[in-house]
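Order of listing sets the numbers, starting from 1, for every ligand and every atom in it.
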Amino acid sequence: MPEIRKHYFLDEYCIIAAERRKRPSDFRIQKGEPGDSNSCPFCPGHEETTPHAVAVYTDQGVKADGIERILDWKMRVFPNLFAAMVPSPSRPTAEWIALPGHGHHEVIVDSPLHGDNPAHFSREHMELLVRSYQDRYAHYCCTSDVKYVSIFKNWGREAGASLSHTHSQVVAVPIMPPLIKRELDALTSASFCQFCNIVERESTSDRMIAENEDWVLIAPFYSQTPYETWILPRRHISNLSEMNEEERVRLASILGLALKSMCSLLDDPPYNYMIFQLPSEYHLSIRIQPTLAKIAGFERGTGIYINSVPPEQAAGELRQCLGEAPKG
Ligand SMILES: [Zn+2]
Ligand SMILES: [Zn+2]
């Protein structure tokens with residue numbers, strides 16, 4: 001019998017339809033050839049084809065490109081050439097309500113290696129990735145006119161990645177996204193933090209996948225897509241800037257576990273992960289959604305997702321991939 005599940009604390013619903021249950025292998029998709037590294041603007045040697053980098057992570061620390069581009073990097077951050085938001089947009093002609101697309105849009109090239117896969121990053125490299133997210137958030141969170149900083153990764157063409165070379169994106173926008181606003185309103189009007197409650201209750205449920213001293217990895221009760229997972233801090237922190245050194249190291253570890261288990265169970269599926277965070281009065285989370293099911297008429301017409309894999313089953317399979325007693 002399909003089950004309608006309500007979001008933990010919002011008026012949102014998803015449908016868990018286990019009758020449509022599939023095995024992980026049913027989700028395998030035909031992959032296209034990865035793009036050629038010779039024509040890849042993100043590869044070392046092609047730094048001149050991108051805008052000047054605002055942050056370059058090297059063995060000698062973090063620098064910015066001068067007139068000469070910095071070589072021998074581990075990660076590079078630069079403005080997106082095809083930006084959804086720009087610092088000085090032209091004036092719109094307002095018909096209904098139109099705001100200037102004022103903001104910032106950056107690319108983080110996560111690795112110098114063209115064929116690198118984030119699920120196979122070393123622990124050190126994953127730590128550097130988390131640090132770059134922390135740095136970019138700190139850079140934009142207090143910028144005037146920025147209401148929200150969206151940091152995310154699209155992996156695979158089906159998940160929206162236009163280039164196969166691994167990268168993340170940062171989009172700082174002048175509006176508060178409605179979903180975040182509704183979560184924030186619910187949090188500030190309640191006498192307790194619903195996310196702290198989720199951490200506490202899910203960590204003893206069969207939806208728990210892995211944990212360490214600072215973080216939990218769960219398949220949420222309210223899972224919109226097959227094999228969706230959330231990473232939540234045990235401590236009530238609003239954003240990545242509030243993490244201490246140990247929390248950063250352990251976040252890198254559990255994010256690595258999340259990507260590794262998903263990659264091995266589902267044969268490197270396309271996915272998106274999104275970091276949900278605000279300057280204050282919020283509870284940080286990272287939500288990972290493999291792109292395995294089509295968003296079709298019912299979803300677009302109702303905003304309700306049908307998920308054919310119960311999160312309890314997803315968590316069990318992901319746990320198995322990590323071995324018996326996973327620790328981040
Ligand atoms: Zn490349
Ligand atoms: Zn909390």
Chemist: Could you grab the distance from atom OH of Tyr57 to atom CG of Leu129, nearest 0.5 Å is fine?
Modeler: 9.5 Å
Chemist: Just verifying a value: how many Å separate Arg319 CZ and Asp206 CG, rounded to the nearest 0.5 Å?
Modeler: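 If we round to the nearest 0.5 Å, Arg319:CZ and Asp206:CG are 7.0 Å apart.
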Chemist: Taking the ring of Tyr13 and the ring of His7, is the distance between their centroids below 6.0 Å?
Modeler: no
Chemist: Kindly give the atom name of the N, O or S atom of His236 closest to the Zn ion (ligand 2).
Modeler: ND1
Chemist: Just to confirm my numbers, could you give the angle made at the Zn ion (ligand 2) by SG of Cys196 and SG of Cys193, rounded to 10°?
Modeler: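 That angle works out to 110° after rounding to 10°.
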Chemist: Below 6.0 angstrom between ring centroids: does that apply to Tyr8 and Phe195?
Modeler: no
Chemist: For the atoms ND1 of His165 and SG of Cys40, give the angle they form at the Zn ion (ligand 1), rounded to 10 degrees.
Modeler: 110°
Chemist: For N/O/S atoms only: which one belongs to His283 and is nearest the Zn ion (ligand 2)?
Modeler: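 Output for this pair reads ND1.
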Chemist: In degrees, rounded to 10 degrees, what angle do Cys43 atom SG and His114 atom ND1 make at the Zn ion (ligand 1)?
Modeler: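 SG of Cys43 and ND1 of His114 make an angle of 100° at the Zn ion (ligand 1), to the nearest 10°.
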Chemist: Quick check, are the ring centers of Phe78 and His52 under 6.0 angstrom apart?
Modeler: no
